[in-house]
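Reminder, nothing fancy here: chain letters follow the sequence lines and each chain counts from 1.
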There are 2 protein chains.
Amino acid sequence: MTGARLVEPDEGPRSKRGAILAAAIEYFGETGYETTKWSAVAKQVGIGQTALYHYFESKAHCLLTIMRLELQRSRDEFVEATRDEKDPVEALRAAVRAAFAVSEHEILQMRILQNNMVLLAGTRASQREETERRAARELVQLIERDWTRLLTQGMSQGAFPVRDAHTLALALLGLIVSVWRWYRPGGPTPLDEVRDLIEGCCVRMVTE
Amino acid sequence: MTGARLVEPDEGPRSKRGAILAAAIEYFGETGYETTKWSAVAKQVGIGQTALYHYFESKAHCLLTIMRLELQRSRDEFVEATRDEKDPVEALRAAVRAAFAVSEHEILQMRILQNNMVLLAGTRASQREETERRAARELVQLIERDWTRLLTQGMSQGAFPVRDAHTLALALLGLIVSVWRWYRPGGPTPLDEVRDLIEGCCVRMVTE
DNA sequence: CTAGCAACCTGAGTTCAGTTCAGTTTGACT
DNA sequence: AGTCAAACTGAACTGAACTCAGGTTGCTAG
């Protein structure tokens with residue numbers, strides 16, 4: 001199950017790329033990116049440090065890949081969840097629920113994404129890193145546009161009062177993703193409760 | 001003006017501590033903490049790299065100090081803004097407005113705070129770093145309690161419907177601080193407009 | 001005035017995690 | 001059995017954070 005989504009189409013059968021990504025997600029998510037030694041990931045997978053460079057150009061390239069994959073998954077879920085929903089309020093609710101329908105591994109990935117968003121800002125020196133960064137950045141913009149569209153449609157249908165849809169979309173996204181900063185599985189508040197509270201907040205934010 | 005708040009009580013007259021903090025805020029805020037070289041800060045201030053260690057134990061110690069100072073300022077502003085406000089809704093509005101009444105330098109500090117929050121999680125090896133980290137963490141918890149109290153009071157007075165006040169406080173805080181992730185002075189939306197939109201969102205989130 | 005002393009500063013050297021180099025092993029498929 | 005690309009390795013390199021062993025500055029006391 002773990003790493004099922006992490007397999008690229010053109011991978012050899014004895015490739016350890018998925019295992020590296022899974023280990024990196026574990027370490028980066030639990031301990032933090034800067035704090036974890038790249039060599040620790042290698043040890044976890046059972047290879048020498050140098051072998052990592054067969055799969056990733058650098059530690060940052062691995063991180064950017066993890067972030068891009070999560071953005072991609074996240075966006076796919078949004079599209080899937082809102083596709084057939086005509087009612088704007090129900091579409092919004094579906095989108096929020098989709099954002100919280102995540103496995104524990106995906107929670108780690110969301111956390112990693114949150115904590116290292118700053119990496120998507122500046123350009124990267126190396127080729128493959130920059131490619132991943134660009135892809136991730138574009139996904140972020142796509143997601144922002146998705147949410148903006150959801151809002152503009154609701155506004156034009158009269159379901160939501162007219163406001164600055166783009167800024168409001170950023171606010172909704174900010175509210176939702178901020179959860180991954182503090183939420184911990186097994187913590188005081190179960191994710192279902194958090195989800196319901198946030199869903200209500202999102203609806204009240206845009207309606208009325 | 002810049003650095004006026006950055007002066008500690010027991011500083012010598014030729015201390016460059018404030019200048020270092022100001023330069024570090026500029027670099028860390030504009031370019032990012034990891035990206036900026038510690039030596040660049042030294043050059044900006046006009047001293048050798050080694051002189052930095054007269055004032056800060058490490059690059060991280062400087063960063064943690066910046067974060068702690070901003071948390072302190074931020075909390076003081078909250079207390080000041082809500083002190084005399086009896087009406088819960090007005091208190092909430094005042095708190096949000098206070099959160100957005102910031103100078104450009106303070107915007108940078110909020111951004112730094114946001115982007116490096118993860119640093120407050122794990123314990124630090126060195127003494128002074130760990131002291132700053134503890135102080136910052138406690139301020140975060142204080143701020144969370146302040147907002148939670150604002151909500152519980154509003155709920156017990158019947159101004160807000162009863163919900164999980166702590167989780168709701170985290171949601172409000174998450175929404176507000178998420179702005180510093182994307183907001184840029186001179187960007188498409190002026191801060192006043194952002195502030196008004198967020199203020200409305202916060203009120204709608206907790207009322208109704 | 002000048003002696004002492006703490007604050008302030010420096011160039012040279014160390015450390016350590018990330019990375020590169022120069023090859024060697026593995027195993028699928030002729 | 002030989003070939004080739006994928007997968008891997010130990011040893012060496014790099015660069016930015018940091019340490020060391022002192023040197024300079026300027027206030028204060030005598």
Side-chain angles (χ1 to χ4, degrees), chain A residues 3 6-24 27-28 31-66 116 119 122 124-130 132-133, chain B residues 3 6-24 27-28 31-66 116 119 122 124-130 132-133:
Chain A
L6 307 179
V7 183
E8 292 268 293
D10 55 345
E11 270 185 64
R14 47 184 175 136
S15 167
K16 298 218 172 75
R17 190 168 175 281
I20 292 170
L21 283 171
Y27 276 101
F28 294 172
T31 320
Y33 172 71
E34 295 299 335
T35 323
T36 78
K37 287 173 205 160
W38 199 206
S39 60
V41 174
K43 183 174 276 183
Q44 171 77 10
V45 175
I47 56 180
Q49 325 182 32
T50 26
L52 293 170
Y53 294 87
H54 183 68
Y55 300 99
F56 297 100
E57 201 164 315
S58 63
K59 190 186 171 191
H61 178 223
C62 177
L63 173 63
L64 286 164
T65 303
I66 291 170
N116 302 283
L119 242 129
R124 305 255 96 207
S126 87
Q127 189 58 69
R128 293 164 72 194
E129 277 181 35
E130 181 62 7
E132 286 290 6
R133 190 191 70 89
Chain B
L6 306 179
V7 183
E8 290 268 293
D10 55 345
E11 269 185 65
R14 45 186 177 138
S15 168
K16 297 218 175 75
R17 192 169 174 278
I20 293 169
L21 282 170
Y27 276 102
F28 294 172
T31 322
Y33 172 70
E34 294 300 334
T35 322
T36 79
K37 287 173 206 159
W38 200 206
S39 60
V41 174
K43 184 174 277 182
Q44 171 77 11
V45 175
I47 54 178
Q49 325 180 29
T50 23
L52 293 170
Y53 294 90
H54 183 68
Y55 300 99
F56 296 102
E57 200 162 318
S58 64
K59 190 185 171 191
H61 178 225
C62 177
L63 172 63
L64 285 164
T65 303
I66 291 170
N116 300 284
L119 242 129
R124 306 254 94 207
S126 86
Q127 189 59 70
R128 293 165 72 194
E129 277 181 36
E130 180 63 6
E132 286 290 4
R133 190 191 70 88

Separation of A/F56 atom CZ from C/dT19 atom C1', in whole Å? 16 Å
With distance as the sole test, does A/S15 use its side chain to make a donor-acceptor pair with the main-chain N or O of A/E11 at under 3.5 Å? no
Side-chain contact check for A/S58: nearest option of C/dT19, C/dC21, D/dA17 is C/dT19
To the nearest angstrom, how far is A/Y33 atom OH from C/dA17 atom C1'? 11 Å
Value in whole Å for how far the C1' atom of D/dT9 lies from NZ of A/K43: 16 Å
Write down the distance between CD (B/E34) and P (C/dA17), rounded to a whole number of angstrom. 15 Å
Between NZ of A/K59 and P of C/dG18 the distance, given in whole Å, is 4 Å
Would you indicate, yes or no, if C/dC9 has its OP1 or OP2 atom less than 4.0 angstrom from a side-chain nitrogen or oxygen of B/H54? no
Do A/L21 and A/F56 have side-chain heavy atoms sitting under 4.5 Å apart? yes
Taking N or O atoms only and anything under 3.5 Å, show me the protein contacts with nucleotides 21-27 of chain D, one pair per line.
from, atom 1, to, atom 2, distance (Å)
D/dT25, O2, B/R14, NH2, 3.3

Could you check how far CG of B/L63 sits from C1' of D/dA16, rounded to whole Å? 16 Å
Ranking C/dG18, C/dT10, D/dA7 by distance to the side chain of A/Y55, first place goes to D/dA7
Do any side-chain nitrogens or oxygens of B/K16 fall under 4.0 Å of OP1 or OP2 in C/dC9? yes
To the nearest Å, give me how far apart CD1 (B/I20) and P (D/dA17) are. 14 Å
On DNA chain C, does the nearest nucleotide to A/E57 precede the nearest nucleotide to A/K37 from the 5' side, or the other way round? Give the residue. A/K37
Proximal nucleotide (of C/dT19, D/dA17, D/dT9) relative to the A/W38 side chain: C/dT19
Main chain of B/G48, side chain of B/K43: is a donor-acceptor contact present, judged purely on distance under 3.5 Å? no
Testing C/dC21, C/dT19, D/dC8 for proximity to the side chain of A/T50, the answer is C/dC21
Relative to B/Y33, does B/K59 satisfy both conditions: NZ or CZ under 6.0 angstrom from the six-membered ring centre, and within 45 degrees of the ring's axis? yes
By the 4.0 Å heavy-atom rule, please label B/T36 as base, sugar-phosphate, or nothing. sugar-phosphate
Cation-pi check, A/K37 onto A/Y27 ring (under 6.0 Å, within 45° of axis): no
Do any N or O atoms from the side chain of A/R133 and from the backbone of A/R128 form a donor-acceptor pair under 3.5 angstrom? no
Using a 3.5 Å distance criterion without hydrogens, assess whether the side chain of A/E130 forms a donor-acceptor pair with backbone atoms of A/R124. yes
Whole-Å distance between D/dA11 P and A/Q49 CD? 12 Å
